[in-house]
Each structure stands twice: as C-alpha cells, then as structure tokens.
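Note that this is a predicted model, so its numbers are computed, not measured.
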Amino acid sequence: DTAVSQTPKYLVTQMGNDKSIKCEQNLGHDTMYWYKQDSKKFLKIMFSYNNKELIINETVPNRFSPKSPDKAHLNLHINSLELGDSAVYFCASSQAAGQEQYFGPGTRLTVL
Amino acid sequence: DQQVKQNSPSLSVQEGRISILNCDYTNSMFDYFLWYKKYPAEGPTFLISISSIKDKNEDGRFTVFLNKSAKHLSLHIVPSQPGDSAVYFCAAKGAGSYQLTFGKGTKLSVIP
C-alpha cells in the first residue's frame, strides 16, 4: 500500500488554466508538506500543514493555494498557470512537524 | 543563497568499493541533518539522519559523519551495490524549525 500518494502523476495543461494536485497519506501523520523541484533540481518547501493548520507558507505566488480538508489530505490548487510553474511537485508527510518526512512519487506539471 | 551545498553533481564508484558523498552547510543554526535517496520518477526516500550532538551515526552499510566546526557532513556507503545508484540529497533543519533545506543532490552511479 502506498504511504503517500499523489494524483495525477503527470499533468500537461495550457497557460492560464486552473489545476489541482491531490495528496493523501495513510501513515497517520500529523504534518503534510508541498515541495517544488524546479529545473535546477532544488527541492524547495512551499507549504506545510500541521493538523490542518498552516505552519509554513514560503514566498510563493498567491496563485498557489493549499487546502487541507483533513489530516490525511493536502491538496494544491494553482490558478492562472504560467510557464514558470512547470516543475515536479512533491507532497510529503511526517509524524510531527520537523521530523523525518516521507515523500510521494511526485507530479510532473508541464505548462504549455 | 544556498545554505546546503552538494558540490559534486555526480560520482561513479565500482561495486564493492566505498562511496563517499559530501555536503556542506552555511547556517550555524542547523542542528539536524538527513540524507535522502531518490530513484528516477519516484519521491525521495529517507535514508539516515544525525543530530548535531553526535558526530557519527551508522545504519547497516550507511554511515553519516558530521564535522560541526567545518560545517560538513558526509555519507559513506560500504560496500557499494548497483542498487545504490540514485540521486542522494542532503537536508538540514534548524532548532525549532519545521522545514528542511535541501541540497541540489549528487547522482551516484555504482558500476558492476
């Protein structure tokens, strides 16, 4: 059984569209994260939720909005997609904030 | 500004030999360090960690060494196996912080 799952795995879309990426963890963890891996291969934190409360909100455009309906889910909605949003987005979770993180398989977003 | 640096983008090692992956950091507030392993089209997988109160942590074939005065850590894999071929990310966390700062990764190739 997959511990941290993301859907979709690949997403190709046009500039200006709105899209969502879903993340679910079945580990019973309290904290979830979204990372972006850009073309330079850096993994950069975007957001983190602990028990559905936002605890990390790095400097990302407000076109990106995370939503955590419950502890096991953290979805990422992106409005008005731009070319520069093309990247691999990883979801992760940890037992508690600051502990080892377990990553999902990633979603490769391509904006044309 | 890269706070965690992995200066070798790639490393090739013969099967059975030792692999040494290096990582340098600049932020003296970092007190917890982790290594992640990543295969293509998968998310990073936690490998081993070390707290700043230690200078060595061992887990099977994997050993992490921390030199706080030099702000340097290294991951040793002995003996190296072809299945170890992957990208290895170094990550660091500050005291009381929730977020990990990642290096750019080193691609290890273990040659049979």
Note, [X] side chain near [Y] side chain (heavy atom, < 4.5 Å):
| X | Y | answer |
| --- | --- | --- |
| B/Y88 | B/L11 | no |
| B/V13 | B/I18 | no |
| B/T45 | B/Y39 | no |

| note | Taken to the nearest 0.5 Å, the spacing of A/L83 CG from A/T110 OG1 works out to 11.0 Å
Answer with side chain, backbone, both or neither: which region of [X] has an atom nearer than 4.5 Å to a non-hydrogen atom of chain A?
| X | result |
| --- | --- |
| B/S49 | side chain |
| B/K93 | side chain |
| B/Q99 | both |

| Portion of A/Q99 that has a non-hydrogen atom of chain B nearer than 4.5 angstrom | neither
| Region of A/K44 that comes under 4.5 Å of a non-hydrogen atom in chain B | neither
In terms of the angle between their ring planes, are [X] and [Y] parallel, tilted or perpendicular, with boundaries placed at 30° and 60°?
| X | Y | answer |
| --- | --- | --- |
| A/H29 | A/Y102 | tilted |
| A/Y35 | A/Y33 | tilted |
| B/F102 | B/Y36 | tilted |

| Taking non-hydrogen atoms and a cut-off under 4.5 angstrom, which of residues 45-55 of chain A neighbour chain B? | A/I45, A/I55
| field | Between A/R108, A/K41, A/E100, the one whose heavy-atom pairs under 4.5 Å with chain B are most numerous | value | A/E100
| task | Please determine if B/D24 and B/K71 form a salt bridge, counting it only when a charged side-chain N lies under 4.0 Å from a carboxylate O. | result | no
| Residue pair B/S19 / B/S80, side-chain donor-acceptor N/O under 3.5 Å | yes
